Amino acid sequence: MSGRVAPAEALRHGLILAGRGVRKIRRNPEHLVDVTVQPLLFLVMFGYLFGGAIAGSPDAYLQDLVPGLMVPSVLMATLSAGVGLNSDAGSGVFDRFRSMPIARSAPLTGVVLAGAVRYVVAIAVLLAAGTALGYRVRTGPLEVLAAAAILVTAGLCFCWITVFLGMVLRDRDAVQGTAVALFMPMVFASNVFVPAATMPGWLRAWSGVNPVSLLADVVRGLLGGGPVAGPLTGALAWSAGVLLVFFPLAIRAYHRRVG
């Protein structure tokens, strides 16, 4: 595996391997269970079990739940990057890649870019299912595309956390368990499922700066016609911070793991 490849060529190699990841999904659709079945279960369970208690009716609750739920669905979809890389590292796939005339970073880039397909699927499934259940977008297609682009961008930034875990932990189950333990406090201590105003003061303070809450407010604003600028600034700051911290850590761990 060559370490002296022009950036454009390295990107091309990464895109080729991203295509490999997408073909794996096409051959094994069950790899999409976490971005299709799981979000739908959350949508139905929270929408119909708690919608009346939280918002007065499931229909009213869906207007906040559907756009909010897109955020944890994308966040949890990032687990596949770390788990997939951990599996490849343990299966000898990287040894084969090392013997090929491609950039050393290509396998890593390919897995990360292929993850974007999963994020788009999660967003599309929730939007389609929510619409079927009564959710309505109050803006236009440009706002929908903007919301999807922001979520995919955030996913591509936060996935470096799971990539880092995939490279420093030896077992794929440990990668998944550690990532879930890290993400759950962000997901459930956010305004995705319940209004932040109903939380205790300390939890409300965390929810106000929580990246999941900020991204949920961005998506709700774009799809529902509400304010966007404030939460978008915070969401972009979180995404940039995570990228600046975990990208170099993941790259260093990747090179240390694969040689």
Side-chain angles (χ1 to χ4, degrees), residues 1-2 5 7-39 70-98 100-127 145 147-169 172-173 175-176 178-180 183 215 239 242-243 246-251 253-255 257-258:
M1 193 180 297
S2 174
V5 178
E9 192 69 6
L11 178 59
R12 188 176 71 85
H13 295 163
L15 289 171
I16 291 172
L17 291 182
R20 166 183 173 263
V22 173
R23 287 191 296 273
K24 285 172 63 177
I25 293 174
R26 288 173 55 189
R27 288 194 297 266
N28 301 283
E30 62 270 19
H31 289 174
L32 292 176
V33 167
D34 60 329
V35 293
T36 53
V37 177
Q38 184 174 300
M70 292 179 186
V71 182
S73 296
V74 168
L75 189 65
M76 299 307 291
T78 66
L79 269 64
S80 66
V83 171
L85 283 167
N86 184 275
S87 297
D88 285 346
S91 67
V93 171
F94 285 143
D95 293 332
R96 297 200 337 246
F97 287 146
R98 192 181 296 114
M100 300 169 63
I102 61 174
R104 292 180 64 193
S105 62
L108 181 60
T109 306
V111 169
V112 170
L113 293 178
V117 174
R118 299 169 56 79
Y119 311 153
V120 171
V121 170
I123 295 166
V125 165
L126 272 173
L127 192 56
L145 290 175
I150 290 168
L151 287 173
V152 170
T153 300
L156 290 172
C157 292
F158 277 84
C159 79
W160 291 102
I161 298 176
T162 65
V163 169
F164 171 69
L165 294 175
M167 292 293 94
V168 297
L169 299 176
R172 58 178 295 166
D173 292 335
V175 175
Q176 186 163 350
T178 303
V180 169
F183 289 154
L215 283 165
S239 297
V242 167
L243 184 65
F246 282 96
F247 176 76
L249 289 176
I251 293 295
Y254 169 75
H255 287 306
R257 182 77 178 265
V258 305

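Keep in mind that this is a model prediction, so the values were computed, not measured.
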Colleague: Going by the rule side-chain contact (heavy atoms from CB on, under 4.5 Å), which residues pair with Ile150 if we only count those two or more places apart in sequence or in a different chain?
Modeller: Leu215, Val218, Leu222, Leu232
Colleague: Which residues pass the side-chain contact (heavy atoms from CB on, under 4.5 Å) test with Leu249, not counting sequence neighbours?
Modeller: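 Partners of Leu249 by the side-chain contact (heavy atoms from CB on, under 4.5 Å) criterion, ordered by chain and then number, come out as Phe164, Val245, Phe246, Arg252.
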Colleague: Filter on side chain to side chain donor-acceptor pair (under 3.5 Å), then keep only pairs touching residues 73-85, sequence neighbours left out; what's left?
Modeller: Ser80-Arg118
Colleague: Looking at Gly166 and Val175, what are the two nearest heavy atoms and their distance?
Modeller: CA-CG2, 3.7 Å
Colleague: Measuring only between side-chain heavy atoms, which start at C-beta, is Val125 closer than 4.5 Å to Val35?
Modeller: no
Colleague: Heavy atoms only: give me the nearest Cys159-Thr162 pair and the separation to one decimal.
Modeller: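 The pair with the smallest heavy-atom distance is O-OG1, 2.8 Å.
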Colleague: State, to 0.1 Å, how close Leu156 and Tyr119 come at their nearest heavy-atom pair, and which atoms those are.
Modeller: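 Closest heavy-atom pair between Leu156 and Tyr119: N-CE1, 3.8 Å.
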Colleague: Please name all residues satisfying side-chain contact (heavy atoms from CB on, under 4.5 Å) with Val120, sequence neighbours left out, ordered by chain then number.
Modeller: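 Testing Val120 for side-chain contact (heavy atoms from CB on, under 4.5 Å), a comparison that skips the adjacent residues, returns Val152.
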Colleague: If I compare all heavy atoms of Met70 with all of Ile123, which pair ends up nearest, and what's the gap?
Modeller: SD-CG2, 4.0 Å
Colleague: Once you round to the nearest 0.5 Å, how far does CD of Gln176 lie from CG of Leu169?
Modeller: 12.0 Å
Colleague: Run the side-chain contact (heavy atoms from CB on, under 4.5 Å) test against Val111 and tell me which residues pass, sequence neighbours left out.
Modeller: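 Only Ala81, Leu85 meet the side-chain contact (heavy atoms from CB on, under 4.5 Å) criterion with Val111.
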Colleague: Quick one, Val163 with Phe247, criterion side chain to side chain contact (heavy atoms under 4.5 Å, CB included). Give me CA distance, side-chain angles, the key distance, then yes/no.
Modeller: CA-CA 9 Å; Val163 169; Phe247 176 76; over 6 Å; no
Colleague: Looking only at heavy atoms, which two atoms of Phe183 and Leu75 are closest? And how far apart?
Modeller: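 Minimum heavy-atom separation between Phe183 and Leu75: CE1-O, 3.8 Å.
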Colleague: Could you tell me which non-hydrogen atom of Met167 sits nearest to which non-hydrogen atom of Ala250, and how far apart they are?
Modeller: CG-O, 4.5 Å
Colleague: So Leu243 and Trp160, side chain to side chain contact (heavy atoms under 4.5 Å, CB included) or not? Walk me through it.
Modeller: CA-CA 7 Å; Leu243 184 65; Trp160 291 102; 3.5 Å; yes
